[in-house]
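To start, I am sharing the structure in question, which I have written as structure tokens.
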Amino acid sequence: MLSPSIPHLAGRDAALRTLGFSSAEASWLAVVCLHSGVFTRRQFCRFHSCRENAAHRFVRRLVHDGVAREHPLPDSRHRFTRVYGRGLYRALDVEPFRHRRSATPAVLFRRLLSLDHVLEHADSPWLATDQEKVAHFTARGIEANLLPQRLYGGAIHTRRYFALKLPIAGDDHSVTFVYADPGRKTQRELRRWAQSHRALWSRLREAGTAVHVAVVTRTAAAQRDYSRSLGVWLARPGADTPPAPAEHDKPTSAEAALLNGDSRGLAKWGGSGAASQIAVQPRERVNQADAPVTVIDSYSTHHSRHLAPKDADGQRSAARRTGRM
């Protein structure tokens, strides 16, 4: 079984080798725990260039050790493995971690599709945890209130950044944001996701950092639809150029404060009413059905054949479409 190099692990898999896993097994488990919490045998075999009996032995060991369980994959002929062993996540120093939990079919496929993309680009500089993502952007001088975030209620309010936990890879020159479509019938979630990233993407492009969006789908038909939509978002010379920073600060900061329920940010603009007036013009433009949600530098789309639903449209071969200006 091959053990491909995965640079962004930065040695974290060594902690799993001390638990008795081989180098290949430890690096695989580290990637799964960090990015999805779930995997299929096909993903395992494809990544390690091995036969299915090797995947069978590995999954059987995880189940026997009480750190994973295998389940039927909804709307599919395949099965998936959920890795929930607390000791594995604790060894990787990423506890508490929501990937341990069971998930709805939509969240499950989002995780599997995300893992597919990470495995296909294993040498990219992936930011594996929410903390790494926040640290990367704030170190670039981007205010935390411009990052996608959600405020969860309860006895104690919890603010979570990048709540969908989709993969992000970034360095000083470019950042790739992955969107995984679990089989939605519309692209409303894509537009909401892009809208929540709009201020961040604008600030990155102002700083000279290229923004790339990668969409992973379950069918070729969905891939074609997303390719058409993303093509509208591409920056073109002389059009859709970001406004100057001084002009940009008002709408994006005010809009981010409104979206994130940031009381201190709202106070900066004179309260929620004043912030709404400042943000209304860009919001009206974004909400037009035929207008781009945002501006990006490039995109790519891919559909994962082995995660296609049973009634897929018959185009079973994996394909890619890319766009770049």
Side-chain angles (χ1 to χ4, degrees), residues 127 130-152 159-179 187-215 229-230 232-236 239-288 291-299:
L127 306 171
D130 298 346
Q131 292 81 3
E132 289 177 48
K133 295 170 185 175
V134 173
H136 175 81
F137 294 115
T138 55
R140 302 284 307 277
I142 296 174
E143 302 93 326
N145 70 308
L146 297 184
L147 304 179
Q149 56 193 274
R150 288 182 184 174
L151 188 63
Y152 293 84
R159 189 179 301 275
R160 290 179 180 165
Y161 295 91
F162 304 99
L164 288 184
K165 300 189 71 65
L166 292 164
I168 298 175
D171 55 28
D172 292 339
H173 306 290
S174 66
V175 183
T176 294
F177 296 85
V178 178
Y179 176 79
Q187 294 185 13
R188 290 178 183 175
E189 185 181 70
L190 171 75
R191 295 182 68 84
R192 288 196 299 268
W193 173 78
Q195 178 66 11
S196 70
H197 286 72
R198 178 170 172 259
L200 171 59
W201 292 350
S202 295
R203 189 59 58 86
L204 286 170
R205 296 189 71 243
E206 287 171 3
T209 301
V211 173
H212 178 84
V213 170
V215 172
S229 298
L230 294 175
V232 179
W233 298 4
L234 287 178
R236 292 173 175 79
D240 294 329
T241 54
E247 178 187 352
H248 170 272
D249 282 347
K250 273 194 173 185
T252 55
S253 297
E255 192 171 13
L258 286 166
L259 289 171
N260 299 325
D262 183 357
S263 57
R264 285 186 295 180
L266 290 171
K268 173 183 176 182
W269 301 111
S272 59
S276 296
Q277 291 181 353
I278 294 170
V280 67
Q281 290 184 354
R283 183 172 294 180
E284 287 176 351
R285 178 181 62 80
V286 167
N287 285 339
Q288 295 174 9
V293 173
T294 187
V295 177
I296 61 177
D297 297 286
S298 60
Y299 73 87

Do the side chains of Leu146 and Phe137 get nearer than 4.5 Å, heavy atoms only? no

Give the minimum heavy-atom separation between Lys133 and Ile168, together with the two atoms involved. CD-CD1, 3.9 Å

All heavy atoms of Pro148 vs all of Ser196, minimum pair found to be CG-O, 3.4 Å

Is the closest side-chain heavy-atom distance between Phe177 and Ile296 below 4.5 Å?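 No; the side chains remain at least 4.5 Å from each other.
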
Parallel, tilted or perpendicular: ring planes of Trp193 versus Tyr179, cut at 30 and 60 degrees: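 Plane angle between 30° and 60°, so tilted.
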
Would you say His197 and Phe162 make side-chain contact, with heavy atoms under 4.5 Å? yes

Just so I know, are the side chains of Tyr299 and Val215 near enough to count as touching, which here means a heavy-atom distance under 4.5 Å?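 Not in contact.
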
Residues which pass salt bridge (charged side-chain N to carboxylate O under 4.0 Å, His left out) with Glu189, listed by chain and number, not counting sequence neighbours: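 Glu189 satisfies salt bridge (charged side-chain N to carboxylate O under 4.0 Å, His left out) with Arg110, Arg184 once adjacent residues are dropped.
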
Can you name the salt bridge (charged side-chain N to carboxylate O under 4.0 Å, His left out) partners of Lys165, sequence neighbours left out? Asp130

With Asp297, which of Leu204, Val211, Val175, Thr209 fulfils side chain to side chain contact (heavy atoms under 4.5 Å, CB included)? Val211

Is it the case that the side chains of His212 and Thr176 hold a donor-acceptor pair, with the cut-off being a distance below 3.5 Å and no angle test?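 The answer is no; no qualifying pair exists.
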
Please report the closest heavy-atom contact between Ala235 and Arg205, naming both atoms and the distance. CB-NH2, 3.1 Å

Is there a side-chain contact between Glu143 and Arg203 in this structure, where contact means two heavy atoms from C-beta onward sitting under 4.5 Å apart? yes

NE2 on His136 to CG on Asp172, rounded to 0.5 Å: 7.0 Å

Starting at CG of Leu190, measure out to CH2 of Trp233 and round the result to the nearest 0.5 Å. 4.0 Å

